[in-house]
Asker: 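Quick one: the structure is below, and I'll ask about it shortly.
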Number of protein chains: 2
Amino acid sequence: MTTDQAVAPPSAGLRERKKRRTRAALVRSALELFTRNGYDHTTVDEIAEAVDVSQRTFFRYFANKEEVAFAAQEATDSHFFAALTARPAGEAPLAALRGAALDAWDTIGEAVTELVPPDLYMRMYSVIESTPALLAVHLRRTAELEERLAREIARREGLDIETDPRPRLVVAAFSGVIRVAGRLWSEGEDTSMEALRELTAFHLDHVGAALTGHWSERQE
Amino acid sequence: MTTDQAVAPPSAGLRERKKRRTRAALVRSALELFTRNGYDHTTVDEIAEAVDVSQRTFFRYFANKEEVAFAAQEATDSHFFAALTARPAGEAPLAALRGAALDAWDTIGEAVTELVPPDLYMRMYSVIESTPALLAVHLRRTAELEERLAREIARREGLDIETDPRPRLVVAAFSGVIRVAGRLWSEGEDTSMEALRELTAFHLDHVGAALTGHWSERQE
DNA sequence: GAGGCTAGTGTCAGCGACTGACAATTGACA
DNA sequence: TGTCAATTGTCAGTCGCTGACACTAGCCTC
């Protein structure tokens with residue numbers, strides 16, 4: 001088994017299909033157990049047993065227990081990145097990021113559904129935010145995505161990311177905002193996709209103002 | 001043993017002093033081993049043995065292996081937070097954060113030295129940034145600090161953090177910038193405190209411009 | 001300053017995440 | 001059909017971490 005968790009070429013050999021099925025089954029069982037019993041109270045043995053493979057096989061598909069928890073996020077991350085590369089070249093950096101985020105929310109459902117039911121994805125998001133070990137990994141993964149985004153922004157603007165700090169700066173500010181929105185969403189009542197989309201748009205529209213000057217009565 | 005890792009009341013009983021010495025010795029030995037051999041290649045047994053206590057005792061001082069790695073950061077974090085609360089009330093949010101960051105760099109040396117030699121602190125920072133498991137925890141800790149900062153900003157401005165997103169927004173953008181600066185520093189040649197201070201100031205002065213409009217020749 | 005109290009430590013047993021090694025199975029392909 | 005290589009299971013072992021229990025050593029009282 002190599003690094004072939006990418007999209008599925010229609011069918012390929014029996015071996016390939018079997019591997020994909022096993023992997024998908026592991027992801028689904030894992031997320032179900034995580035959301036039902038909690039991440040910490042789920043052992044790798046349980047996950048493996050639910051799919052009827054050995055623990056050793058589990059670790060041949062996933063480097064560690066955390067990795068299976070992020071299998072679905074992985075899909076949406078690359079979805080968002082792709083949305084950015086698809087934005088018109090003329091757009092300003094922050095506008096492009098904003099556009100990509102909103103585009104992504106519109107089409108993310110399909111991208112996820114192939115792997116797990118959407119509601120499972122949603123519930124898993126809450127588990128991640130409320131499990132310290134997973135939250136930590138989530139933040140690291142986000143940082144890695146940010147790096148890719150910054151490089152893409154630099155490319156769009158024809159800048160050298162090693163010498164010009166601005167690409168990383170916008171991305172850092174941008175995703176700080178995204179995180180705030182995501183957190184409010186996962187803590188709030190309305191856990192629908194639409195709610196998340198709206199929260200994101202709303203907060204992005206207020207960064208500029210929030211960064212300058214005083215807030216009390218006067219300015220802004 | 002309770003939660004008494006705070007500052008040292010001059011001497012207290014023998015018991016107290018002994019505990020503090022053990023704790024400090026564990027931190028120092030741990031950081032030395034981490035920076036010399038790497039975090040992953042250092043076992044808790046080795047750390048405990050270096051201080052001549054049992055592994056079980058190590059885990060009575062630190063909840064886990066990660067915690068000892070962040071003992072020094074803990075000191076600087078609260079140092080920075082204190083610097084923020086000391087800023088004049090009239091200052092605008094971003095200005096106060098900027099001021100606190102620069103104030104903190106000026107006096108952070110002393111705060112750290114009591115625990116470990118400064119160069120060990122510096123080298124440990126690099127280890128954290130380059131060790132995935134530690135980087136993840138670092139980011140989570142940072143997120144927690146951000147939450148405290150946001151609450152303090154809200155307090156200064158007399159806002160309700162539950163309903164007004166702006167405190168979290170500035171802090172998110174602000175610390176995104178800090179992180180970019182910190183990373184460039186830990187990757188760069190000049191690993192001095194001054195270099196970090198300068199990088200921080202420089203980047204903070206450029207967020208505003210970076211967030212608005214296009215960058216190429218034209219505007220800005 | 002002897003004796004009791006209790007905080008702090010060591011030892012031991014055990015769980016769960018993870019890994020290397022090796023043998024058994026099973027697609028793939030000539 | 002037989003060979004080759006990819007997948008998998010089994011086993012043994014390391015490391016992080018925890019509960020239980022016994023022991024030691026400061027501390028405090030009489």
Side-chain angles (χ1 to χ4, degrees), chain A residues 1-5 8-27 29-30 33-34 37-71 131-134 136-137, chain B residues 1-5 9-27 29-30 33-34 37-71 127 131-134 136-137:
Chain A
M1 170 179 31
T2 48
T3 55
D4 53 324
Q5 54 203 68
S11 78
L14 168 57
R15 230 171 214 172
E16 276 304 308
R17 273 177 290 142
K18 218 168 178 181
K19 260 167 41 183
R20 270 202 287 277
R21 247 185 295 138
T22 305
R23 188 190 156 84
L26 282 171
V27 171
S29 295
L33 288 165
F34 290 160
N37 307 329
Y39 178 76
D40 292 326
H41 295 111
T42 304
T43 67
V44 172
D45 282 317
E46 284 166 3
I47 302 170
E49 193 176 8
V51 182
D52 204 54
V53 296
S54 72
Q55 191 218 48
R56 195 65 182 82
T57 293
F58 173 94
F59 283 112
R60 289 200 176 98
Y61 280 90
F62 304 96
N64 46 53
K65 189 178 161 188
E66 284 146 10
E67 200 175 296
V68 69
F70 287 96
T131 306
L134 291 183
V137 173
Chain B
M1 167 179 35
T2 48
T3 54
D4 53 323
Q5 54 204 67
S11 77
L14 169 57
R15 231 176 211 167
E16 276 303 309
R17 274 177 290 141
K18 218 168 176 179
K19 259 169 40 186
R20 269 203 288 277
R21 248 185 295 139
T22 305
R23 188 190 157 82
L26 282 171
V27 171
S29 294
L33 287 165
F34 290 162
N37 307 329
Y39 178 76
D40 292 326
H41 295 110
T42 304
T43 69
V44 173
D45 281 318
E46 283 166 0
I47 302 170
E49 194 177 7
V51 181
D52 203 53
V53 297
S54 71
Q55 191 218 49
R56 193 65 182 82
T57 292
F58 173 94
F59 283 112
R60 288 200 178 98
Y61 280 90
F62 304 96
N64 46 53
K65 188 178 162 189
E66 284 145 11
E67 199 174 296
V68 68
F70 287 95
V127 173
T131 305
L134 291 183
V137 173

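Just so it is clear, the structure is predicted and the values come from calculations on it, not from any experiment. Here is how names work: the chains are called A, B, and so on, in the same order as the sequence lines, proteins then strands, and each is numbered from 1.
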Asker: side-chain contact (heavy atoms from CB on, under 4.5 Å) for B/Tyr61 and B/Val27? Distances and angles first, verdict last.
Answerer: CA-CA 10 Å; B/Tyr61 280 90; B/Val27 171; over 6 Å; no

Asker: Nearest 0.5 Å please: distance from the CZ atom of B/Phe34 over to the OG1 atom of B/Thr131.
Answerer: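 Answer for the CZ-OG1 pair, B/Phe34 versus B/Thr131, is 9.5 Å.
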
Asker: Given D/dT10, C/dG27, C/dT11, identify the nucleotide with an atom nearest to the side chain of A/Lys18.
Answerer: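 Closest nucleotide among those given: C/dG27.
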
Asker: Yes or no on side-chain contact (heavy atoms from CB on, under 4.5 Å) for B/Val51 and B/Phe58, after CA distance, side-chain angles and deciding distance?
Answerer: CA-CA 9 Å; B/Val51 181; B/Phe58 173 94; over 6 Å; no

Asker: Find the distance B/Glu66:CD to D/dC17:P and express it as a whole number of Å.
Answerer: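 Distance check: B/Glu66 CD to D/dC17 P gives 7 Å.
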
Asker: Verify the contact: side-chain N or O of A/Lys65 to OP1 or OP2 of C/dC18, cut-off strictly under 4.0 Å; return yes or no.
Answerer: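 No, outside the criterion.
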
Asker: For the side chain of A/Arg17 and the base of C/dG27, is some donor closer than 3.5 Å to an acceptor across the two?
Answerer: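 When only heavy-atom distances are counted, A/Arg17 does not reach the base of C/dG27 through any donor-acceptor pair under 3.5 Å.
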
Asker: For the backbone of A/Pro132 and the side chain of A/Tyr39, can you confirm whether one donor and one acceptor N or O come within less than 3.5 Å of each other?
Answerer: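 No, A/Tyr39 side chain to A/Pro132 backbone: no donor-acceptor pair under 3.5 Å.
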
Asker: Are OP1 or OP2 of C/dT9 and a side-chain N or O of B/Thr57 less than 4.0 angstrom apart?
Answerer: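 Indeed not, no polar side-chain atom of B/Thr57 lies that close.
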
Asker: Taking atom NZ of A/Lys19 and atom CD of A/Glu16, what is their separation to the nearest 0.5 Å?
Answerer: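 Result: 4.0 Å between the selected atoms.
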
Asker: Within this structure, what is the NE2-CG distance for the pair B/His41 and B/Leu33, rounded to the nearest 0.5 Å?
Answerer: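 One gets 13.5 Å once the value is rounded to the nearest 0.5 Å.
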
Asker: With the threshold set at under 4.0 Å for non-hydrogen atoms, list the residues of residues 42-50 of chain A touching DNA chain C in residue-number order.
Answerer: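 Going residue by residue through residues 42-50 of chain A, the ones with a heavy atom under 4.0 Å of DNA chain C turn out to be A/Thr42, A/Thr43, A/Val44.
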
Asker: Taking the nucleotide of DNA chain C with the closest heavy atom to each, which residue, B/Val53 or B/Arg15, is nearer the 5' end?
Answerer: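 Looking at the nearest nucleotide for each, B/Arg15 comes out on the 5' side.
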
